[in-house]
Amino acid sequence: TAICQSITQLMMWYANNAKYFPPPSTAKDQFQEELVIKPLHSGDIYASFQFRTQWDTDFLLGSKVSHYRLFPKSLGQVISKFSVRELHISFTQGYWRTMQWGQPFLPSPPGAELWVWFQDTVTDVDLAWKELTNVLSGIFCASLNFIDSTNTVQPSASFKPLGVGNVTDQRFLRYAVLPREIVCTENLTPWKKLLPCGSKAGLAVLMKSEKLFHSSFHSQALHIRPVCKDWQCKSTSWELRQTLNVVFDLHTSGQGKREWSLFKMFSRTLTEACPLASSSKVYVDITDNPQLFELSPATPLVSQAVVLGDGRTYSVYDLTDHATFGQTHSLNVLLRWRAAEREMLRPLLHGERYVAGYGLQTGEIHTLVYNNHPYRAFPVLLLDTVPWYLRLYIHTLTVTSKGRDNKPSYIHYQPSKDRLQPHLLEMLIQLPPNSVTEVTVQFERALLKWTEYTPDPNHGFYVGSSVISALVPSVVAMDTNNTQERPLFSSFFPCKEESTYFMRIYTEPLLVNLPTPDFSMPYNVICLTCTVVAVGYGSLYNLLTRTFQVEEPSQGLAKRLANIIRRLRGVPLLT
Amino acid sequence: MVWAERHRGRLAALAIAAVVIAVGVPLWWKTTETYRAWLPVAQINELAQLQLQLSVEVEVVFSKGTLTAEHQKKIPPSNTRQEEHVVDETTRLRYRYETRYRTATIMEEDALNQSTAAEADISLHMLSESPSGSVVIYVVPESSTVLPEGVSVYVGQRRTALLRAGGQMRVAVALKEVLASLETWIKQVLQVMSFSHGDITAALSDRVRPGDRSREGLADSMRAFKSSPGYEITFSLLNPDPTSHLLHWDVEAAISSYIQPLLSKMAPVANFSIDSQILYYAVLGVNPRYDPTLNAYTLNADSLSHVINPVEARLGSSAASSNPVLNFLLYVPDSRHSPLHITDHRRHTVPSNAFSSPRWGGIMVYNVNASGTELPVDVHIDMRRVMGVFLPQLRLMLGVQSAAPPPGFLIGPCGNAGLADWELDRLMWTRSVENVATATTTITSLAQLLDQIGNIVINDNIAEQVSSAVASLQLAVGQLEVGNLGLAMQYSKEAILQSERAFFDPSLLHLLYFPDDQKFAIYIPLFLPMCVPILLSLLKMASEVRQRPGQGQAKKD
């Protein structure tokens with residue numbers, strides 16, 4: 001029954017998302033921007049941009065929305081044409097190292113991830129999904145058009161709507177990951193263009209692609225969802241959140257010096273807020289100050305926030321205030337490390353994944369989920385999508401924690417269909433305190449048709465990350481009062497209970513080698529078969545058409561010799 | 001014995017050759033064949049030789065005092081005039097004007113006795129509704145006061161025109177002469193109200209090379225967008241400096257009161273969707289020059305061609321449809337470059353302060369005097385002024401031609417929709433001819449392509465689309481022939497949609513392309529060893545057969 005409770009708890013959390021209230025506003029649309037800088041324990045710097053455009057309109061009911069002010073027109077057209085209820089897309093280069101860096105504000109898997117909830121009025125969801133991916137790949141210059149039925153799934157529990165609304169029928173959900181997608185400048189430029197100020201003013205001036213992509217981790221995302229207009233939640237408005245997360249590596253580009261500034265990170269400084277933004281703020285995490293680093297210029301504004309189950313303290317620079325920029329008319333936040341790096345508290349939840357086995361026929365996928373909480377158990381939802389060409393032997397699925405069998409309380413498995421749909425495995429697992437839970441499943445590698453191989457087949461085939469969603473016990477009491485205004489970075493995943501917070505982590509994607517043929521083989525086979533057939537046919541033809549004649553029995557060699565001698569001698573020949 | 005054995009061998013070789021030819025070749029043919037559904041090639045070829053006939057129904061109504069009683073009795077009920085034009089070797093045009101004559105009814109007489117032409121026009125329209133494509137001409141006596149002094153023809157809002165009877169009409173004795181003198185006027189009226197040969201050949205530009213057409217006419221025809229079943233109209237407000245100007249435009253109300261009536265009137269021609277956006281920090285591609293004499297910044301007509309490109313990158317393409325986009329940009333210059341004026345080639349400022357780019361849209365510069373002390377200054381844009389510039393540009397882009405009327409003509413006000421009925425008819429004539437021309441070229445070039453490249457798989461759905469496009473085309477041509485303009489427009493739109501869908505069908509791209517050298521590289525290891533013995537034995541047999549008669553004769557000798 002404890003397990004049942006935990007399921008209902010997790011489900012309840014999803015259901016209660018509807019009670020998320022953004023701050024009240026007077027304008028029909030408003031724009032907020034925010035940058036959080038967090039010095040990481042490893043010595044790296046984590047910079048997280050968030051831009052939020054909120055618009056009190058309804059794309060789907062009543063008259064057609066066609067007059068745009070702050071909201072980008074191209075996305076508005078997409079929402080109204082495809083009847084999208086929620087759209088979440090992320091492009092990530094690099095892998096977020098939870099063990100070194102802790103938790104990101106918004107997690108994302110390596111490559112491209114897209115999940116969309118359609119309105120329940122959509123009749124042909126698959127067709128809408130197909131067209132939508134094509135349109136989005138045009139908007140973001142990405143290869144989202146490679147999303148088809150072989151990598152699309154409909155998760156039953158892991159991806160519930162994050163906005164208001166009560167449709168939770170998974171028929172209207174589509175989820176796909178392209179782990180191979182490489183993210184670069186051509187994806188950033190259209191993303192920047194969606195901001196009302198573009199990259200001309202405000203925080204977005206810092207986004208210079210040569211700096212942003214010279215980093216250990218780069219992730220840009222876009223989330224569209226309906227949210228409550230005010231705390232009464234009588235009507236909804238649309239929220240567009242654009243986030244960009246970067247981790248800069250101190251050691252490779254810092255030339256040994258342990259100091260950082262906005263200028264060093266982005267090769268720009270801030271001079272003004274976006275004039276259209278109702279709020280424009282820079283937060284610097286100073287929870288570890290003053291032992292770890294020194295921050296200048298000093299700012300009197302300090303804000304406390306509970307983020308990811310931890311109370312943090314932030315220095316705040318308000319860009320809408322002219323005093324922030326001082327006499328130089330520019331803001332260049334500078335951090336100087338004082339102490340050597342310290343050990344970080346291990347994150348409470350952590351996941352790993354790898355492929356075991358040898359040879360090209362079979363293998364085993366191992367997924368390790370760590371619960372580092374010293375005394376509390378909590379449930380996690382594990383979602384695995386495996387392409388059809390790795391044939392999972394689902395009977396070999398084992399889940400063990402602390403050397404004992406740990407039976408999942410809920411399993412949703414959808415077997416694959418060759419060339420049509422991938423495997424989908426969703427499990428609800430209870431993690432005992434301070435434990436490692438290992439999920440293993442064996443698979444067999446399928447032989448592909450020769451046209452199905454990628455251009456570089458010996459590189460291997462990617463299998464997207466596993467998704468682990470959980471309600472993690474919080475160290476401090478979470479802020480459940482949703483009516484007050486909070487910084488954007490702490491308000492994306494709404495919070496219902498004081499004791500737990502929602503967290504989603506992604507494991508590494510897998511790279512699996514498949515048996516790869518010699519691609520000149522078809523021609524060799526054709527030539528060989530043709531030759532064999534031709535030889536067989538030739539002998540048969542000869543046999544059938546050759547004329548057989550009775551030949552005169554020839555004289556023996558001795559007789560012939562004797563006759564030659566006889567002729568020479570003039571004696572009558574032998575017959 | 002030997003002979004029998006030889007005979008058996010020969011028979012075996014023949015049998016194998018027969019099997020190879022009878023079974024092997026068809027089998028090989030069948031298995032390597034690409035699927036090609038049946039296409040209506042004969043009908044497509046028929047359409048390639050386009051013979052278009054446009055029929056216009058003209059009604060000439062004589063009011064009291066324009067015909068003598070004698071003439072009234074003799075007047076023929078109808079008269080048909082035909083004009084034939086050969087545009088080029090594949091395209092022929094025939095215009096057929098069916099003129100019906102009658103005398104005015106009493107109510108029409110009352111209407112014609114109104115004091116002004118506009119009032120007469122409205123009351124005449126109340127009496128009867130004429131179908132789209134037709135023209136009604138009321139002949140009023142020379143002394144009539146309905147028409148202003150010096151005006152011989154008044155073209156109304158609907159499909160009616162008032163024509164002043166010529167002076168010679170009274171003295172002319174023969175009815176023939178009366179009608180003949182009327183005919184020259186009617187011809188001119190029809191050229192204004194329905195179509196002229198120039199318009200139609202311009203509409204046929206997809207099929208016909210513009211040989212001897214004047215540069216001016218070509219530029220005119222290239223200004224309007226090509227005919228398409230739908231258009232996206234985007235109004236963008238460019239605010240290059242949001243720190244100093246806070247712009248407010250009530251575009252929604254302006255569109256519904258100025259643009260929407262025109263578009264709803266044009267609904268039979270195409271579907272329209274309208275949207276608007278505000279773009280911040282969007283700048284023009286050219287730095288305006290300061291002109292001390294005007295105390296203003298100026299953009300010269302020569303530099304306007306460089307203005308659009310940088311802006312276009314920000315406009316964003318339409319994600320939701322593939323219809324052509326008409327862009328209308330309202331540019332509010334920042335305070336450092338203000339006021340900004342557009343000057344023409346002779347360095348005079350353009351009064352509307354706007355310009356249009358052919359087949360793209362229009363740009364208007366809207367100067368504000370930001371005298372406020374506190375930035376940003378709230379600016380409310382006068383949408384009446386803006387729409388007054390954009391509406392004529394929109395009419396131009398959509399192909400509503402406002403050619404100068406011939407002397408003696410007075411064009412009535414076009415009503416609150418911004419478009420008179422006859423203007424719509426005129427547009428529909430050219431658009432349906434253009435659609436027919438485009439659809440026929442698409443279909444014929446598709447058929448030609450499929451004919452030339454034999455490896456393209458033609459699926460059943462392509463064949464179906466081609467057949468339905470051909471059917472719609474034939475219907476459209478037929479409707480034009482009987483003068484049913486509305487239906488012709490509709491069918492021609494369907495034809496263009498279906499033909500484009502067939503032409504751009506992705507399944508046609510799955511070309512089964514095998515280069516010949518590779519084909520032979522695969523066939524030779526099998527076919528060469530198999531065919532050489534068969535051929536050799538066949539040759540041997542043939543030579544034997546040829547030799548045998550000779551042998552026989554030699555034996556006889």
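Order of the sequence lines sets the chain letters (A, B, ...), proteins ahead of strands, with each chain counted from 1.
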Give, for atom CD of A:Gln77 and atom CD of B:Gln277, the distance between the pair rounded to the nearest 0.5 Å.
-> 8.5 Å
CD1-CG distance between B:Ile278 and A:Leu70, expressed to the nearest 0.5 angstrom = 7.5 Å
Can you say whether B:Thr234 sits under 4.5 Å from chain A via the side chain, the backbone, both, or neither, judging by heavy atoms?
-> side chain
Around atom NE2 of A:His322, are there more than 12 heavy atoms of other residues, nucleotides or ligands at under 6.0 Å?
-> no
A:Cys527 SG to B:Ile524 CD1 distance, which is reported to the nearest 0.5 Å | 10.0 Å
Can I get a per-line list of side-chain donor-acceptor pairs under 3.5 Å for residues 9-18 of chain B, giving both atom names and the distance, sequence neighbours left out?
from	atom 1	to	atom 2	distance (Å)
B:Arg10	NE	B:Glu544	OE1	3.0
B:Arg10	NH2	B:Glu544	OE1	2.8

Side chain, backbone, both or neither: which part of A:Glu272 has a non-hydrogen atom closer than 4.5 Å to chain B?
-> side chain
Please check if atom OH in A:Tyr537 has more than 12 non-hydrogen atoms from other residues, nucleotides or ligands closer than 6.0 Å.
-> yes
Within residues 529-543 of chain B, which positions have a heavy-atom distance to chain A below 4.5 Å?
-> B:Pro529, B:Met530, B:Pro533, B:Ile534, B:Ser537
Does the pair A:Lys73 and B:Asp275 meet the rule for a side-chain contact (heavy atoms from CB on, under 4.5 Å), with working shown?
-> CA-CA 9 Å; A:Lys73 189 181 80 149; B:Asp275 46 31; 3.7 Å; yes
Gap separating the CG atom of A:Leu276 from the OH atom of B:Tyr281, nearest 0.5 angstrom | 7.0 Å
Sort out for me which of A:Pro196, A:Pro190, A:Gly538 touches chain B most, counting heavy-atom pairs under 4.5 Å.
-> A:Pro196
Where do A:His67 and B:Trp249 land on the side-chain contact (heavy atoms from CB on, under 4.5 Å) test, with the steps shown first?
-> CA-CA 11 Å; A:His67 304 290; B:Trp249 69 337; over 6 Å; no
Which residues from residues 200-209 of chain A are near chain B, with near meaning under 4.5 Å between non-hydrogen atoms?
-> A:Lys200, A:Ala201
Between A:Ala534 and B:Pro525 the two heavy atoms that sit nearest each other are CB-O, 4.0 Å
Examine distances only and state if a side-chain atom of B:Arg8 and a backbone atom of A:Leu544 form a donor-acceptor pair shorter than 3.5 Å.
-> yes
side-chain contact (heavy atoms from CB on, under 4.5 Å) evaluation trace for B:Ser276 with A:Tyr68 | CA-CA 6 Å; B:Ser276 78; A:Tyr68 298 89; 6.0 Å; no
In this structure, CG of B:Leu279 is separated from CZ of A:Arg69 (nearest 0.5 Å) by 12.5 Å
Contacts of B:Arg384 that satisfy salt bridge (charged side-chain N to carboxylate O under 4.0 Å, His left out) - sequence neighbours left out = none
